[in-house]
2 protein chains.
Amino acid sequence: MNLPLHEKIRSEIEADILTGVRTPGSRLPTEHDLMQQYGCSRMTVSKALSALAGGGLIERRKRAGSFVARPKAHSMMLDIPDLEQEIVQRGQRYRFELSERTIVPPGTPQAREAGLAEEGELLMIAGVHLADDVPLACELRLVSLAAVPEMAAQPFDDDSPGAWLLKHVPWTEAETRIASVAASTGVAAQLKLSVGAPCLFVERRTWRGSEGITQVRQHFVGSAYSLVARFGPAKRAPGS
Amino acid sequence: MNLPLHEKIRSEIEADILTGVRTPGSRLPTEHDLMQQYGCSRMTVSKALSALAGGGLIERRKRAGSFVARPKAHSMMLDIPDLEQEIVQRGQRYRFELSERTIVPPGTPQAREAGLAEEGELLMIAGVHLADDVPLACELRLVSLAAVPEMAAQPFDDDSPGAWLLKHVPWTEAETRIASVAASTGVAAQLKLSVGAPCLFVERRTWRGSEGITQVRQHFVGSAYSLVARFGPAKRAPGS
DNA sequence: TCGTCAATTATGTCTATACATTATCGGCGA
DNA sequence: TCGCCGATAATGTATAGACATAATTGACGA
């Protein structure tokens with residue numbers, strides 16, 4: 001491994017922390033010490049320490065020094081894949097079946113609840129995602145036409161509105177709620193399940209700045225779908 | 001806002017990307033151009049671009065230049081709350097009720113399935129998390145005693161093993177799978193639900209380096225619990 | 001026409017230096 | 001004893017220059 005020096009310094013200190021050689025709260029050598037230890041300039045050491053600080057492994061305080069961070073309240077990265085991609089990757093055929101497409105006038109309770117634009121019209125789209133013609137998930141989506149006027153012209157007979165939005169509309173904030181619910185009669189009918197069957201329920205809202213773009217509620221067939229979240233060195237095969 | 005220059009450059013370019021001024025795949029100005037544009041040295045520009053690359057927003061290629069990255073799958077930050085904290089924060093009383101505590105010898109199918117140490121013994125802990133004495137979730141946990149020998153001495157009559165592990169054992173990698181399942185007879189009994197009721201199922205494994213530490217399977221009462229994932233500067237009050 | 005190779009160009013790493021910023025420490029005075 | 005305050009020691013930011021590295025481009029030759 002021919003790592004650049006700052007990477008080498010970073011990884012050595014990281015290893016010390018992860019293996020417990022350096023314990024949370026303890027102080028690291030100063031940049032000046034490390035610079036002598038590795039025989040390099042302060043900038044190089046600083047780069048290594050900054051990277052560690054960026055990763056949350058250490059905390060740097062002026063005048064005081066650098067300290068191993070205490071284990072934080074942790075969060076993980078949740079991949080939100082495009083359903084079409086995911087299904088195709090499984091070797092199945094993807095299809096989106098549009099079941100409803102309406103314009104919702106502003107001011108209705110439905111529009112208000114979605115937390116989207118108070119003023120403009122909303123486009124409501126309902127449909128089912130099918131893998132080899134078997135329902136995998138159904139969704140009910142509201143899109144602010146004020147934020148995405150082009151949306152009104154899209155047909156979505158076959159293409160999913162989620163994929164289209166992902167490609168064409170940039171967003172800056174999103175929030176996803178994940179729960180487990182029993183299939184209602186409506187959902188059960190769409191997913192060809194029995195009423196009361198467990199469904200993974202995902203509700204997502206996205207914004208650009210403070211402007212709401214879309215809200216979507218999806219019910220996944222519980223037995224056929226799961227989400228995965230990760231923390232740490234991404235996409236590493238277990239055991240390498 | 002008195003940001004340092006490299007932060008200012010970073011955030012301006014970031015804004016351009018998020019608002020769609022710079023579209024995925026398009027090329028950014030070269031470091032040399034930006035250096036003239038901002039009237040600073042190349043190191044400063046480079047630092048800003050490196051930060052963006054680290055965040056996955058742009059991709060840098062030697063000789064070719066820097067490009068706005070195409071997002072393959074959106075990832076969001078999933079908060080993994082400590083159940084005790086969460087329940088107390090709701091204004092309820094937290095209790096962990098231990099229902100089983102066994103040493104699992106190495107080599108059993110159970111141990112193998114968990115993907116933990118092949119060699120050492122495992123500690124198996126089962127119990128229920130209660131909020132005001134109402135079951136919220138049940139869990140079945142396996143801990144590698146080779147990785148965490150101190151665990152054997154802990155009682156866990158009242159304290160949850162998850163909270164203890166979080167505080168005392170550092171980890172470097174974790175994977176969480178989230179699904180919706182129907183309550184089995186065993187789970188239903190523990191959670192005081194009817195068989196078949198929807199449960200949010202969470203399975204998490206953690207490692208330190210390549211050494212497996214623990215695996216836990218939790219079933220949450222579907223009607224009482226949900227997870228939230230976020231992207232962006234949010235922390236938005238629902239309805240603001 | 002097509003493949004090869006070298007020149008070019010943009011990023012990657014590193015140094016030595018300078019000055020800014022800020023929390024801590026220790027001393028001085030009330 | 002206590003509080004204020006300046007000296008100090010650490011990190012934070014930035015510069016200008018040097019050389020390394022790698023991929024694209026284009027020119028040259030078969």
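Chain letters run A, B, ... following the sequence lines, proteins first, then strands; residues in each count from 1. We use all heavy atoms of the structure for the numbers below, so side chains are in, but hydrogens, waters and symmetry mates are not.
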Counting the atoms with a prime plus P, OP1 and OP2 as sugar-phosphate, which does B/Leu5 contact under 4.0 Å by heavy atoms, base, sugar-phosphate, or nothing?
sugar-phosphate

Whole-Å distance between D/dG12 C1' and A/Glu31 CD?
8 Å

Expressed as a whole number of angstroms, how long is the span from A/Arg42:CZ to D/dA14:C1'?
11 Å

Output the rounded distance in Å from CE (B/Met43) to P (D/dT13).
12 Å

In whole Å, I'd like the distance from the CD atom of A/Glu59 to the C1' atom of D/dT11.
13 Å

Which sits closer to the 5' end of DNA chain C, A/Cys40 or A/Arg61, going by the nucleotide each is nearest to?
A/Cys40

Looking only at atom types and distance, does a side-chain atom of A/Arg177 sit under 3.5 Å from a main-chain N or O of A/Phe201, one as donor and one as acceptor?
no

Map A/Gly65 and B/His6 onto DNA chain D by nearest heavy atom, then report which one ends up closer to the 5' terminus.
A/Gly65

Carefully, step by step, assess A/Arg60 and A/Glu31 under the rule salt bridge (Lys or Arg N to Asp or Glu O under 4.0 Å).
CA-CA 11 Å; A/Arg60 313 190 70 187; A/Glu31 292 187 347; 2.2 Å; yes

Could you state the atom-to-atom distance from CD1 of B/Ile58 to C1' of C/dA10 in whole Å?
13 Å

Just checking, is any N or O donor in the side chain of A/Tyr38 or A/Glu12 under 3.5 Å from an acceptor N or O on the other one?
yes

What is the distance, rounded to the nearest whole Å, between atom NZ of A/Lys47 and atom P of D/dA14?
15 Å

Between A/Leu142 and A/Thr214, what is the shortest heavy-atom contact and its length?
O-OG1, 2.9 Å

Of the listed D/dT11, D/dT15, D/dA10, the closest approach to the B/Ser41 side chain comes from D/dT15

Between P on C/dA10 and CD on B/Gln36, what's the gap in Å once rounded to a whole number?
12 Å

Please report the distance, rounded to the nearest Å, between CZ in A/Phe67 and C1' in D/dA9.
12 Å

Parallel, tilted or perpendicular: ring planes of A/Phe220 versus A/Tyr225, cut at 30 and 60 degrees
parallel

Among C/dT13, D/dT13, C/dT11, the nucleotide that comes nearest once only the side chain of A/Ser46 is considered:
D/dT13

Between B/Ala64 and A/Thr44, just flag the one whose closest nucleotide in DNA chain C comes earlier from the 5' side.
B/Ala64

Heavy atoms under 4.0 Å, any strand shown: does A/Ser66 hit a base, just sugar-phosphate, or nothing?
sugar-phosphate

Side-chain N,O (A/His32) to OP1/OP2 (D/dA10) below 4.0 Å:
no

Under-3.5 Å donor-acceptor pair between B/Arg63 side chain and C/dG12 base
no

